[in-house]
Amino acid sequence: MSAEPRINDRIRVPEVRLVGPSGEQVGIVPLAKALELAQEYDLDLVEVAATARPPVCKLMDYGKFKYESAMKAREARKNQAHTVIKEMKLRPKIDPHDYDTKKGHVVRFLKQGDKVKITIMFRGREQSRPELGFRLLQRLASDVEDLGFIESNPKQDGRNMIMVLGPHKKKTEAMAEAREAQAARKADAKANPGRSQNSAEDEELSEAPAEAPAEAPAEA
């Protein structure tokens, strides 16, 4: 069945409840009269409520309506927030430098509005010391508490201990802020044409933490 509404001579009812171009209620009129008005206004007669008795029809520019609807749907898809769960893997006896690096990735993920699954991997005798993993997870949660919260408390899963951090910031907010920052950079570049592209890129790299894959295969 087509999802397209019936328009003009495809409407097959004796009378319709007519709505004018500006949304005004015209009332119940014969179909022939409604089609005559549509031709007079150089608009289409579009059935907007087929199940009503009589059906509700509106005078509109159907081609323009379809175009605007398609653009709105496209914008909605563009701004749609997809829930993403990143993963970061750590060892219970992680080196301080490695900890800071991985914490930086967690901070970036949370700023982007993504959830982060933290996995502590135990090997050998480490499995008899689960408190090491628990303390490490608690430390990490405390270090990033301004950006995220513990959504799923630490729990043992075989040789691993898992905790999930949720962002305080919604994904849609993070996306909006990212777009604003990008627009600001473009405006700055336009206002300062003498500034080299390389210097701008160098500044971005110095401010941003290094990229990491969603799942960190390397062990710490």
Side-chain angles (χ1 to χ4, degrees), residues 72-188 198-220:
K72 287 179 181 178
R74 180 180 176 184
E75 189 66 21
R77 288 193 298 270
K78 179 181 177 182
N79 295 328
Q80 188 174 6
H82 297 282
T83 301
V84 177
I85 299 180
K86 305 289 188 177
E87 182 172 15
M88 188 59 59
K89 296 181 178 180
L90 299 82
R91 293 291 301 278
K93 298 179 180 179
I94 188 171
D95 175 84
H97 174 74
D98 289 339
Y99 174 82
D100 289 338
T101 299
K102 289 179 180 285
K103 183 182 72 174
H105 297 322
V106 173
V107 166
R108 178 164 51 85
F109 295 148
L110 292 173
K111 283 184 176 179
Q112 292 171 352
D114 295 323
K115 297 182 181 182
V116 189
K117 176 183 175 183
I118 312 296
T119 301
I120 304 294
M121 303 178 298
F122 296 95
R123 293 281 180 86
R125 296 180 181 178
E126 293 174 347
Q127 296 179 61
S128 64
R129 300 289 306 278
E131 69 276 7
L132 295 177
F134 182 81
R135 284 202 295 266
L136 181 58
L137 291 175
Q138 290 294 317
R139 174 189 172 190
L140 180 58
S142 177
D143 287 347
V144 299
E145 62 182 356
D146 290 343
L147 298 171
F149 61 96
I150 299 177
E151 185 172 287
S152 178
N153 287 314
K155 62 181 180 180
Q156 197 77 25
D157 182 16
R159 295 185 177 183
N160 300 328
M161 183 175 287
I162 297 170
M163 176 182 73
V164 177
L165 296 175
H168 291 312
K169 186 184 299 181
K170 293 182 179 179
K171 184 72 173 179
T172 49
E173 295 174 357
M175 292 170 64
E177 289 183 4
R179 285 195 296 269
E180 290 176 2
Q182 184 179 24
R185 287 195 297 270
K186 288 182 179 179
D188 181 63
N198 288 338
S199 64
E201 290 176 352
D202 290 343
E203 182 177 316
E204 277 191 15
L205 289 173
S206 66
E207 293 178 352
E211 290 289 330
E215 292 192 15
E219 300 175 2

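Crowding of Lys103 atom NZ: a count of heavy atoms from other residues, nucleotides or ligands under 6.0 Å exceeding 12.
Residues Ile94 and Lys102 share a closest heavy-atom pair of CD1-CD, 3.9 Å. Closest heavy-atom contact between Phe109 and Val116: CB-CG2, 3.6 Å. Closest approach of Ser152 and Met163 over heavy atoms only: O-CG, 3.3 Å. The shortest non-hydrogen separation linking Glu151 to Lys115 is OE2-NZ, 2.9 Å.
Residues Arg159 and Glu126 are not paired through a salt bridge, judged by the lack of any N-O separation under 4.0 Å between the basic side chain and the carboxylate.
Distance CZ/Arg123 to NZ/Lys93: 13.5 Å, rounded to 0.5 Å. With rounding to the nearest 0.5 angstrom, the CD atom of Gln127 is 12.5 Å from the CE atom of Met121.
Side-chain contact between His105 and Lys86: absent, with no pair of heavy atoms (C-beta onward) separated by less than 4.5 Å. Side-chain contact between Ile150 and Leu165 is present, with heavy atoms from C-beta onward closer than 4.5 Å. Side-chain contact between Ile118 and Leu90 is present, with at least one heavy-atom pair separated by less than 4.5 Å. Taking the side chain as every heavy atom from C-beta outward, Phe149 and Leu110 never approach each other to under 4.5 Å. Using a 4.5 Å heavy-atom threshold, the side chains of Glu87 and Thr119 count as touching.
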For residues 129-142, please give each side-chain donor-acceptor pair under 3.5 Å, one per line with the distance, not counting sequence neighbours.
residue	atom	partner	partner atom	Å
Arg129	NE	Glu131	OE2	2.4
Arg129	NH2	Glu131	OE2	3.3

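The only option from Val106, Val144, Leu147 that meets the side chain to side chain contact (heavy atoms under 4.5 Å, CB included) definition with Lys111 turns out to be Leu147.
In terms of the side chain to side chain donor-acceptor pair (under 3.5 Å) criterion, Lys155 has no residue partners (sequence neighbours excluded).
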